[in-house]
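In what follows, a single structure is set out as structure tokens and then discussed.
Numbered from 1 within each chain, the chains take letters A, B, ... in sequence-line order.
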Amino acid sequence: MRIATWNINSVRLRIEMVLHFLEAYEPDVLCLQETKVVKDLFPASAFHERGYPHLAVAGIKGYNGVATISRIPLEQTETLTWCGRDDARHIAVRLANGPEIHNLYVPSGGDTPDPSTNEKFAHKLAFVEELTSWLPEAVHTAKADNREVILVGDMNIAPLENDVWSHKQMLGIVSHTPVEVEALNALQRAGAMVDASRHFVPAQEKLYSWWSYRARDWAASDRGRRLDHIWVTPGLSERLTGHGIVRDARGWAPKPSDHVPVWVDFD
DNA sequence: ATGGTGGTCCTACCA
């Protein structure tokens, strides 16, 4: 089984790119973030026609939005809300006789890493903290139901030194500040979850899933960050058989997303 | 310290 996550930055603008990814990589489940479209306008038929009849979609006009697209039947789907905002950042599904999958889009957090002056940064921290309070019980409930848990998405935080191009230069930049990294680590610990990409790639090696649109030449400067993550409960980590980050997708013409797909395989 | 690009939708706002 293959599961993939991708911040697509408008699913309607880049639908051809998504379909190309499905054809080339054949994931069983694809989790999209920043779909930027309401549920009624989501391009569901394009996925139905390509063998993905099972969709769970949450969206608002113009912003955010998450969608989980599956070849495997979904037993249950649920949209979750955090910080009292119904802003389409979290959708959960249960695969038939399979794991529970949480598809997340964590707030970006604005420019200034100070929760007292930047409301967006405060929201980002509160969002991750609310997840941290919720996750232990969610994992417990899934386990009681004999299910493993997968948590994927654009977490907008690069936790390890080699998840950014320059640890030293990024310490004060939103996405790699110590307070965010600690919040993300606390969330991971709360679920006792394993970072599936780093299960394969040692912490000493650089690993990125996002490159800014603002670079003159993203590939030459290679100032990337690993913002997109796949976490699994320990029972699933034993069954991981492969992974990939599709760096090439950052160059897919004519207008790529600034994020690329991240995927893992399970036995 | 500044400005660099791209998305939605039409005026800024978000990334």
Side-chain angles (χ1 to χ4, degrees), chain A residues 5-21 31-43 46 57-67 81-90 103-115 117-128 152-159 163-166 168-177 180 183-184 208-229 247-262:
Chain A
T5 180
W6 194 6
N7 177 321
I8 194 61
N9 190 14
S10 175
V11 68
R12 287 185 293 177
L13 187 68
R14 291 187 237 283
I15 185 65
E16 292 306 321
M17 214 171 278
V18 176
L19 298 177
H20 172 72
F21 173 73
C31 296
L32 296 174
Q33 301 86 34
E34 279 208 272
T35 53
K36 294 190 172 180
V37 64
V38 294
K39 191 172 178 174
D40 287 350
L41 296 177
F42 189 87
V57 176
I60 58 175
K61 189 176 178 177
Y63 303 92
N64 307 341
V66 286
T81 61
W82 304 107
C83 302
R85 306 188 193 195
D86 192 5
D87 56 0
R89 292 180 180 275
H90 185 174
N103 176 3
L104 280 158
Y105 175 51
V106 171
S108 175
D111 289 331
T112 309
D114 179 356
T117 59
N118 175 7
E119 185 278 329
K120 290 177 190 171
F121 194 73
H123 178 220
K124 182 180 197 175
L125 294 177
F127 188 98
V128 176
V152 311
D154 177 5
M155 307 303 284
N156 264 316
I157 299 171
D163 290 339
V164 293
W165 64 277
S166 167
K168 198 176 157 190
Q169 285 175 263
M170 288 288 300
L171 271 170
I173 304 295
V174 172
S175 73
H176 194 62
T177 64
E180 292 169 86
L184 191 71
Y208 311 138
S209 65
W210 174 91
W211 292 260
S212 172
Y213 282 126
R214 294 176 186 174
R216 277 190 198 88
D217 183 336
W218 71 272
S221 60
D222 200 21
R223 295 184 167 190
R225 307 177 197 174
R226 189 171 70 103
L227 304 179
D228 303 276
H229 301 271
R247 181 185 167 102
D248 288 358
R250 185 61 179 77
W252 284 354
K255 289 184 168 200
S257 171
D258 45 355
H259 296 252
V260 300
V262 177

Considering only [options], which nucleotide approaches the side chain of [X] most closely?
X        : options                 : value
Asn9(A)  : dC9(B), dC14(B), dG7(B) : dG7(B)
Ser10(A) : dG7(B), dG6(B), dA15(B) : dG7(B)
Lys61(A) : dG4(B), dT8(B), dC9(B)  : dC9(B)

#### Entry: Watson-Crick and G-U pairing of DNA chain B written in dot-bracket, each distance under 3.5 angstrom, with | for inter-strand partners
....((((...))))

### Task
Please check if any side-chain donor atom of Trp252(A) sits under 3.5 Å from a side-chain acceptor atom of His20(A), or the reverse.
no

### Query
If you measure only the distance, is there a donor-acceptor pair under 3.5 Å linking the side chains of Gln33(A) and Thr5(A)?
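Yes, because at least one side-chain N or O of Gln33(A) sits under 3.5 Å from a partner of the opposite role on Thr5(A).
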
### Query
Under 4.5 Å between any side-chain heavy atoms of His229(A) and Pro159(A), yes or no?
yes

### Task
Measure the shortest side-chain to side-chain distance between Pro107(A) and Arg89(A) over non-hydrogen atoms and say whether it is less than 4.5 angstrom.
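With C-beta onward as the side chain, the pair touches.
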
Considering just the side-chain nitrogens and oxygens of [X], establish if one lies under 4.0 Å of OP1 or OP2 belonging to [N].
X         : N       : answer
Arg14(A)  : dG7(B)  : yes
Lys255(A) : dG7(B)  : yes
Lys120(A) : dC14(B) : yes

### Task
Taking all heavy atoms of Gly251(A) and all of Pro256(A), pick out the closest pair and write down the distance.
N-CB, 4.5 Å

### Message
Ignoring hydrogens, what is the shortest heavy-atom contact between Asp222(A) and Trp165(A)? Give both atom names and the distance.
### Response
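Taking Asp222(A) first and Trp165(A) second, the nearest heavy atoms are O-CB, 3.9 Å.
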
To the nearest angstrom, how far is [X] atom [atom1] from [N] atom [atom2]?
X         : N       : atom1 : atom2 : answer
Asn64(A)  : dG7(B)  : CG    : P     : 17 Å
Gln33(A)  : dG7(B)  : CD    : C1'   : 16 Å
Tyr63(A)  : dC9(B)  : OH    : P     : 9 Å
Arg216(A) : dT5(B)  : CZ    : P     : 9 Å
Arg214(A) : dG3(B)  : CZ    : P     : 12 Å
Trp210(A) : dA15(B) : CH2   : C1'   : 9 Å
Arg12(A)  : dG7(B)  : CZ    : P     : 13 Å
Leu41(A)  : dT8(B)  : CG    : P     : 12 Å

### Task
Please figure out whether Gly62(A) or Glu34(A) has its closest DNA chain B nucleotide nearer the 5' end.
Gly62(A)

### Query
When you match Pro256(A) and Asn156(A) each to their closest nucleotide on DNA chain B, which lands nearer the 5' end?
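The 5'-side residue here is Pro256(A).
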
### Task
Would you classify Arg89(A) as touching base, sugar-phosphate or nothing, given that sugar-phosphate means primed atoms plus P, OP1 and OP2, and contacts are heavy atoms under 4.0 Å?
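Sugar-phosphate contact only - Arg89(A) comes under 4.0 Å of backbone atoms but never of a base.
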
Using the [atom1] atom as the reference point in each nucleotide, state the distance between [N] and [M] in Å, no decimals.
N       : M       : atom1 : result
dG3(B)  : dC9(B)  : C1'   : 24 Å
dA1(B)  : dG7(B)  : P     : 31 Å
dC10(B) : dC14(B) : C1'   : 15 Å

#### Entry: Qualifying residue, where the test is side chain to side chain contact (heavy atoms under 4.5 Å, CB included) with Ser209(A) and the options are Asp258(A), Asp228(A), Asn7(A)
Asp228(A)

### Message
Can you confirm whether more than 12 heavy atoms, excluding those of Asp217(A), are under 6.0 Å from its CG atom?
### Response
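Atom CG in Asp217(A) is crowded, with more than 12 foreign heavy atoms closer than 6.0 Å.
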
